[in-house]
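Notes to accompany the following structure.
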Amino acid sequence: MSLYDSLNEQQKKGVFTTQGPVLILAGAGSGKTSVLTRRIAYLIDNMGVNSWNIMAITFTNKAAGEMKERVDDIVGYGESVWVATFHSTCVRILRRHIDRLGYDTNFTIYDTDDQKSVMKEVCKKLEIDTKQLKEKTILGAISSAKDELISPLEYEMSVMGDFTKRRIANAYKEYQTLLKKNNALDFDDIIVKTVELFKSCPDVLENYQNRFQYIMVDEYQDTNTAQFELIRLLASKTRNLCVVGDDDQSIYKFRGANIRNILDFEKVYPDATVIKLEQNYRSTQNVLDAANAVIRNNIGRKDKSLWTEQGAGNRLHFRPFDTAYEEAEYIASDIKRKKRQAESDYGQCAVLYRTNAQSRLLEESFIRENIPYDVVGGVNFYSRKEVKDVLAYLKTIDNGKDDLAVKRIINVPRRGIGAASILRVQEYADSMDISFYEALQQVDQIPTLGKGKAADKLKDFVTMIQMFRTKLQFCSLEELITDVLETTQYVQMLEELDREEAEERLQNIDELITKVVSFEMAREELGEEITLSAFLEEVALVADIDGVDKDDNKVLLMTIHSAKGLEFSQVYLAGMEDGVFPSYMTITSDDPMDIEEERRLAYVGITRAKDDLTISYAKARMLRGETQYNPVSRFVKEIPPHLMDNKLPSIRKWDQDEYETDSYERSHFKAKPFQTGMPQNSFGGRTPQQRVQLNDTVFDKPKNNWEAADTRRNNWESVSVNTGYQKTTSVTPTKQARDLSEIIGSRPKAVVKKKETPSANKPYIAKSLDGLSKGVPTTSGGLGYQAGDRVRHIKYGDGTVLKIEQDTRDYKVTVAFDEAGNKIMYAAFAKLRKI
DNA sequence: ACGTGGCCACTTTTT
DNA sequence: GTGGCCACGT
């Protein structure tokens with residue numbers, strides 16, 4: 001039996017059509033990775049192609065690694081085939097040739113934080129008021145321009161009259177200048193500069209064209225214009241370009257992905273062979289029917305429909321809840337039930353949601369139920385403060401040209417170098433046209449600094465960095481990091497923080513060291529050189545999903561975006577509410593294409609499920625500190641009711657029954673006034689949050705102790721109301737408010753007349769909305785537990801209360817935890833629950 | 001030079 | 001509910 005017997009006819013066509021342009025439209029779960037890996041095998045084994053001449057491009061390192069492994073399994077040449085992400089491919093090329101563009105080959109890569117810092121400097125220099133035009137906005141515009149391969153010059157030409165765009169054009173130019181000065185590239189530059197290199201150096205391009213004679217691109221629907229151009233250039237000699245993608249799974253428009261790349265592939269390559277893979281090997285027919293029904297509502301897609309030879313399978317499980325809290329509890333308990341009844345193990349379950357913020361409630365439930373889980377994404381590990389600090393030390397040691405890194409750590413931990421000194425050094429560097437670090441090296445030459453204390457401290461810093469550089473010549477990266485932490489007393493600085501925080505940050509540092517060690521080991525195994533630059537580069541290009549290990553047998557929690565390309569036996573789609581998914585942003589957007597992208601995301605989510613799909617919905621949910629009441633997601637309503645298992649209302653009924661509220665706006669205001677949050681005398685001295693009934697709208701001057709603030713945004717999405725205490729509460733104006741204000745022709749100035757004076761001494765027990773904030777504020781009344789009680793902490797687990805003391809502002813509780821040992825904590829923060 | 005308190009914005013998704 | 005930033009005070 002040959003390698004290819006298990007393939008269906010369409011898949012075989014994909015494998016055997018090796019010459020010329022090929023477009024494979026691969027529906028979700030249609031076995032496209034099998035096709036790609038077998039295609040590589042076929043090229044090598046049957047076509048006599050040298051494995052070295054084959055390139056496969058993916059979007060994540062994880063996908064690249066898996067593909068390599070699978071090729072390796074089949075033909076054993078896995079390592080010699082170039083399988084890599086767009087970004088790592090380009091970085092590898094640039095490391096060899098970017099000097100042709102006037103950069104140094106040991107350039108650094110800037111992440112979004114770094115970009116923001118640079119842009120801040122740019123704005124200062126160009127006197128751009130960042131209140132009017134935010135750094136993020138400018139960076140967004142620049143990023144979009146780069147995705148479209150628009151240079152600063154071209155951008156400037158195209159904007160002519162528009163004042164704001166003109167300023168962006170200037171900022172773009174200045175930003176690039178600054179990056180170059182720092183010998184740095186941002187994410188977009190990695191692609192853009194490679195294209196630039198190929199266009200300006202035909203010899204370099206030809207070199208790579210000769211090398212990559214067969215090119216394959218995975219997840220082609222996610223490519224942007226720059227990436228397409230890159231591929232087009234590389235493939236223009238042999239034209240052996242095979243792209244695989246699914247227009248229905250294009251979910252990265254916000255990142256510049258151009259869906260036209262896949263829709264118009266046949267226009268660019270009229271001789272392209274087009275192959276459709278529609279047979280699905282992943283999911284049950286019920287899941288596929290649901291997915292098909294949803295995606296059918298999009299116009300502007302290539303017509304196709306998934307089918308399977310598997311049976312109908314279980315129906316989808318639709319589970320409505322009153323609150324997000326109950327939703328989370330249900331999901332946790334259901335997973336536990338499946339485990340108990342041996343229906344499925346933890347590792348086969350995944351909970352998917354629209355936004356990272358939704359993971360929190362779920363996590364809390366999982367902790368309560370003792371379910372092992374991993375959250376993918378959220379705040380990237382490498383963007384945590386302490387990790388970035390250590391990396392900045394490494395960057396400074398590796399490449400003194402990275403001003404940003406140097407400035408980040410020059411006074412961390414504190415060594416008495418202040419803003420004034422830094423400014424003087426910078427001025428000198430500017431005047432001499434050298435980097436910040438180079439200026440530091442010649443401190444004695446800086447007239448404004450003289451020979452004072454400041455100069456000595458700067459000198460000490462330089463000596464220390466030089467010492468690390470010397471040391472690096474003969475020690476491992478691990479030793480270097482340890483030495484940096486010790487010499488700088490960084491760890492000591494962290495230990496001075498309060499215990500909980502220190503512990504967490506130290507853990508992150510430990511994890512970083514672990515990553516260094518495993519990097520060194522992996523490199524050693526491959527016989528590759530271990531350099532600091534290589535480590536920093538790898539770190540800059542990791543995605544959250546890259547670190548996920550399927551063998552851990554843990555439930556995975558992640559956004560639907562992160563879940564693309566993955567599959568699970570048991571999938572939970574949580575938070576299926578209009579306003580959450582589709583997000584409020586897309587509902588209110590004037591571009592109808594936005595909702596289509598959101599629908600594709602729903603399609604991706606549904607098609608992750610192999611056996612069971614549970615869709616849940618919460619009537620009330622706390623979002624940004626506000627309770628929102630949302631109707632069921634329109635995408636759920638697009639699923640035919642007969643595919644779902646519970647007593648489902650008919651489609652018609654959706655519009656009137658309890659799952660529906662009359663309109664999105666109205667639904668916000670059914671909340672009665674109530675108070676929640678911490679009592680005033682609790683730690684931190686916060687005032688209670690006021691939730692107000694907005695139906696009593698007034699437009700007069702602010703009344704009583706409600707002081708009105710202006711509307712924050714022109715489109716009146718929210719109005720700030722100062723409660724007369726200190727806390728500003730953000731509320732959303734009623735529909736009436738909008739109408740009325742249109743009539744009187746002004747923006748609502750005050751939308752609240754309700755007067756409620758919270759008495760400072762009166763203890764509040766939160767009237768939490770159906771347990772939305774269960775267990776939050778308990779301090780001043782009674783804690784709900786006393787010395788000797790067994791309590792549960794979200795992080796430390798169970799323990800016994802040893803003593804409770806009245807501190808100046810809060811109760812100080814000492815708990816002996818079974819696992820974590822003794823801890824002293826403030827009651828308001830600890831959120832202990834009696835068990 | 002450094003710490004603190006108040007004020008604000010943030011939450012859509014990420015290589 | 002949180003983190004970043006600025007202004008101010010020591």
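So that the names make sense, note that chain A is the first sequence line, chain B the second, and so on, each numbered from 1. Owing to the predicted nature of the structure, the values given are computational and were not obtained by experimental measurement.
For the pair A:Asp113 CG and B:dT14 P, the computed distance is 15 Å after rounding to whole Å. In this structure, CZ of A:Arg255 is placed 9 Å from C1' of B:dT13, rounded to the nearest angstrom. Counting to the nearest Å, the P atom of B:dT13 and the NZ atom of A:Lys253 are 17 Å from each other. Atom NZ of A:Lys146 and atom C1' of B:dT14 are 16 Å apart (whole Å). Between the CE atom of A:Met585 and the C1' atom of B:dT11 there is a distance of 9 Å, given to the nearest Å. The CZ atom of A:Arg424 sits 13 Å away from the C1' atom of B:dA1 (whole-angstrom rounding). Distance, A:Asn356 CG to B:dT11 P: 11 Å, rounded to whole Å. Atom CD1 of A:Ile259 and atom P of B:dT13 are 21 Å apart (whole Å).
Among the atoms of the strands shown, none is found under 4.0 Å from any heavy atom of A:Asp188. Here A:Lys136 lies in heavy-atom contact (under 4.0 Å) with sugar-phosphate atoms only. A:Ser421 comes within 4.0 angstrom of sugar-phosphate atoms only, judged by non-hydrogen atoms across all strands, and of no base.
With sequence neighbours excluded, no residue satisfies side-chain hydrogen bond (donor to acceptor under 3.5 Å, both in side chains) with A:Gln227. Considering only residues two or more places apart in sequence or on other chains, A:Gln492 meets the side-chain hydrogen bond (donor to acceptor under 3.5 Å, both in side chains) condition with A:Gln489. Under the side-chain hydrogen bond (donor to acceptor under 3.5 Å, both in side chains) criterion, A:Lys116 pairs with no residue, sequence neighbours left out. Remark: A:Asp374 engages A:Asp552, A:Lys554, A:Leu556 in a side chain to side chain contact (heavy atoms under 4.5 Å, CB included) (not counting sequence neighbours). For A:Asp246, the side-chain hydrogen bond (donor to acceptor under 3.5 Å, both in side chains) criterion is met by A:Gln249, A:Lys304, not counting sequence neighbours.
Side-chain contact check for A:Leu573 versus A:Ile606: some heavy-atom pair is nearer than 4.5 Å.
Considering only side-chain N and O atoms, A:Thr559 lies under 4.0 angstrom from the phosphate OP1 or OP2 of B:dT14. Between A:Ser562 and the phosphate of B:dT14, there is a side-chain N or O to OP1/OP2 separation shorter than 4.0 Å. Note on A:Arg360: every side-chain N or O is 4.0 Å or more away from OP1 and OP2 of C:dG1. Within the structure, every side-chain polar atom (N or O) of A:Asn61 is placed at least 4.0 Å from both OP1 and OP2 of B:dT15.
Contacts classified as salt bridge (Lys or Arg N to Asp or Glu O under 4.0 Å) and involving residues 410-425 of chain A (residues at least two apart or in different chains) are not found. Applying the salt bridge (Lys or Arg N to Asp or Glu O under 4.0 Å) definition to pairs two or more places apart or across chains, those involving residues 378-387 of chain A are A:Glu386-A:Arg505.
For A:Tyr603 and A:Asn298, the side-chain atoms include no donor-acceptor pair closer than 3.5 Å.
Residues of residues 220-228 of chain A that place a heavy atom closer than 4.0 Å to DNA chain B do not occur.
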Could you pull out the protein-nucleic contacts involving nucleotides 4-6 of chain C (nitrogen or oxygen on both sides, under 3.5 Å)?
residue: C:dC5; atom: OP1; partner: A:Lys120; partner atom: NZ; Å: 3.0

